[in-house]
**Student:** 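My questions will all concern the structure given below.
The shown structure was predicted, so the numbers you read here are calculated from the model rather than taken from an experiment. Only this structure's heavy atoms are used, side chains among them; waters, hydrogens and symmetry mates stay out. Counting convention: from 1, in listed order, for ligands and their atoms alike.
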Amino acid sequence: MLTVLKHPLITHKLAIMRDKDTCTKDFRQNLSEIGGLMAYEIARDLPMKDVVIETPVATCNTQMLAKDIVLVPILRAGLGMVDGIANIIPTVKIGHIGLYRDEETLQPHEYFCKLPHNIADSVVYVVDPMLATGGSASAAITMLKKRGVKKINLVCLVGVMEGVSKIEKDHPDVDIYLAALDEKLNEKGYIVPGLGDAGDRIFGTK
Ligand code: PRP
Ligand code: URA
């Protein structure tokens, strides 16, 4: 299922990121902050368990998170969302999946995978600012499913229907969260209007 998270702060910060004149520092800061805001919204659906706590005053029947939460950024650009989300959910464990998109074929290529040992029963958030053809996110989700992960959410900033449809087709059980659904892909596979090459803008590599 696709959810586009509409929130004035998210839209405002994303507008700053879209501006071609926004510097690396501000791009990174706004990406991290949007990551945190998205995590706050998405965390509403986390499973809870009943617990009994002894306060200094009395016994309290309340609830705590029932499952471990694992954040899996797709390298490189997904790294830009990690700090903001970890600020909101400090107990997250963090795995890394390295994929790059071939500039000609637009096909994803795996170069790194390091995940928490007991990830299978966790709630996993795959994070990447851009959902373009959907090839990278779909490949990352397949890698996680091969390790037995059952509950996967895909959290991206900007997506297009082409990418959304690929995930819905390849992984109908995955919930997709976006901050914005853009118009289309151009002939080079970039999102229009989008925000350009997220990895290069985060790390200042171009
Ligand atoms: C970008 C982006 C996604 C992917 C999206 O990464 O961060 O991972 O492209 O495109 P897709 O939906 O068509 O697969 P890129 O391959 O440029 O690597 P980088 O993050 O290292 O710059
Ligand atoms: N990857 C990016 O970084 N930007 C796009 O617009 C598409 C894929």
**Student:** Could you tell me the residue and atom name of the protein heavy atom closest to atom 3 (O) of ligand 2, and the distance to it rounded to 0.1 Å?
**Tutor:** Ala198 N, 2.9 Å
**Student:** Using a strict 4.0 Å cut-off to heavy atoms of Tyr100, name the atoms of ligand 1 that fall inside it.
**Tutor:** 16 (O)
**Student:** Do Asp197 and Lys206 sit within salt-bridge range, that is, some charged N less than 4.0 Å from a carboxylate O?
**Tutor:** no
**Student:** Nearest to atom 11 (P) of ligand 1, what protein heavy atom do you find, and at what distance?
**Tutor:** Thr133 OG1, 3.4 Å
**Student:** Regarding Asp173 and Lys145, does a basic nitrogen lie under 4.0 Å from an acidic carboxylate oxygen?
**Tutor:** yes
**Student:** Mark yes when over 12 heavy atoms from residues, nucleotides or ligands other than Glu54 sit less than 6.0 Å from its CD; otherwise mark no.
**Tutor:** yes
**Student:** Specify the protein heavy atom at minimum distance from atom 8 (C) of ligand 2: its residue, its atom name, and the distance to 0.1 Å.
**Tutor:** Arg101 NH2, 3.4 Å
**Student:** Does atom OH of Tyr40 have more than 12 heavy-atom neighbours, drawn from other residues, nucleotides or ligands, at distances under 6.0 Å?
**Tutor:** no
**Student:** Within less than 4.0 angstrom of ligand 1, does Gly163 place any heavy atom?
**Tutor:** no
**Student:** I need the atoms of ligand 2 closer than 4.0 Å to a non-hydrogen atom of Gly189, numbered in the order shown.
**Tutor:** 7 (C)
**Student:** Less than 4.0 angstrom from a charged side-chain N to a carboxylate O is my criterion; do Arg28 and Asp83 meet it?
**Tutor:** no
**Student:** State whether the side chain of Arg201 and the backbone N or O of Met17 hold a donor-acceptor pair below 3.5 Å, judged by distance alone.
**Tutor:** yes
**Student:** Under 4.0 angstrom from ligand 1, any heavy atom of Leu106?
**Tutor:** no
**Student:** Just wondering, are more than 12 heavy atoms of other shown residues or ligands nearer than 6.0 Å to NE2 in His109?
**Tutor:** yes
**Student:** Can you pull out the closest protein heavy atom to atom 6 (O) of ligand 2? Residue, atom name and distance to 0.1 Å, please.
**Tutor:** Ile191 N, 2.8 Å
**Student:** Would you say Leu31 and Leu178 are hydrophobically clustered, going by side-chain heavy atoms of ILVMFWY under 4.5 Å?
**Tutor:** no
**Student:** When you check the gap from the basic side-chain N to the acidic O, do Lys151 and Asp175 get nearer than 4.0 Å?
**Tutor:** yes
**Student:** List the closest protein heavy-atom neighbour of atom 5 (C) of ligand 1: residue, atom name, distance to the nearest 0.1 Å.
**Tutor:** Met130 O, 3.6 Å
**Student:** Is the closest heavy atom of Pro129 to ligand 2 under 4.0 Å?
**Tutor:** no
**Student:** May I ask you to check whether over 12 heavy atoms, not counting those of Lys67, lie within 6.0 Å of atom NZ?
**Tutor:** no
**Student:** In ligand 1, which numbered atoms sit nearer than 4.0 Å to a non-hydrogen atom of Ala77?
**Tutor:** 7 (O), 20 (O)
**Student:** Give me the nearest non-hydrogen protein atom to atom 17 (O) of ligand 1 as residue plus atom name, then the distance to 0.1 Å.
**Tutor:** Asp197 OD2, 4.2 Å
**Student:** Counting from 1, what ligand 1 atoms have a heavy atom of Gly199 closer than 4.0 Å?
**Tutor:** 22 (O)
**Student:** Does ligand 2 come near enough to Gly196 that some N or O of the ligand is less than 3.5 Å from an N or O of the residue?
**Tutor:** yes
**Student:** Whether the Asp50 and Gln63 side chains hold a donor-acceptor pair (N or O, under 3.5 Å, no angle test) is what I'd like checked.
**Tutor:** yes
**Student:** Between the side chain of Ser122 and the main-chain N/O of Ile119, is any donor-acceptor distance below 3.5 Å?
**Tutor:** yes
**Student:** Can you find an N or O of Leu131 that's nearer than 3.5 Å to an N or O of ligand 1?
**Tutor:** no
**Student:** Does Ser136 approach ligand 1 within less than 4.0 angstrom via side chain, backbone, both or neither, non-hydrogen atoms only?
**Tutor:** both
**Student:** Closer than 4.0 Å to some heavy atom of Ala132 - which atoms of ligand 2 meet that?
**Tutor:** 7 (C), 8 (C)
**Student:** In the protein, what heavy atom is nearest to atom 18 (O) of ligand 1, and what distance, to one decimal place, separates them?
**Tutor:** Leu99 O, 4.2 Å
**Student:** Quick one: does Gly194 get within less than 4.0 Å of ligand 2, heavy atoms only?
**Tutor:** no
**Student:** Quick test of your reading of the structure: of Arg76, Gln107, Arg101, whose heavy atom lies closest to atom 22 (O) of ligand 1?
**Tutor:** Arg76
**Student:** I'd like to know if Asp182 and Arg18 make a salt bridge, using a cut-off of under 4.0 Å between side-chain N and carboxylate O.
**Tutor:** yes
**Student:** If you measure from each non-hydrogen atom of Asp128 to ligand 1, which part falls under 4.0 Å: side chain, backbone, both or neither?
**Tutor:** side chain
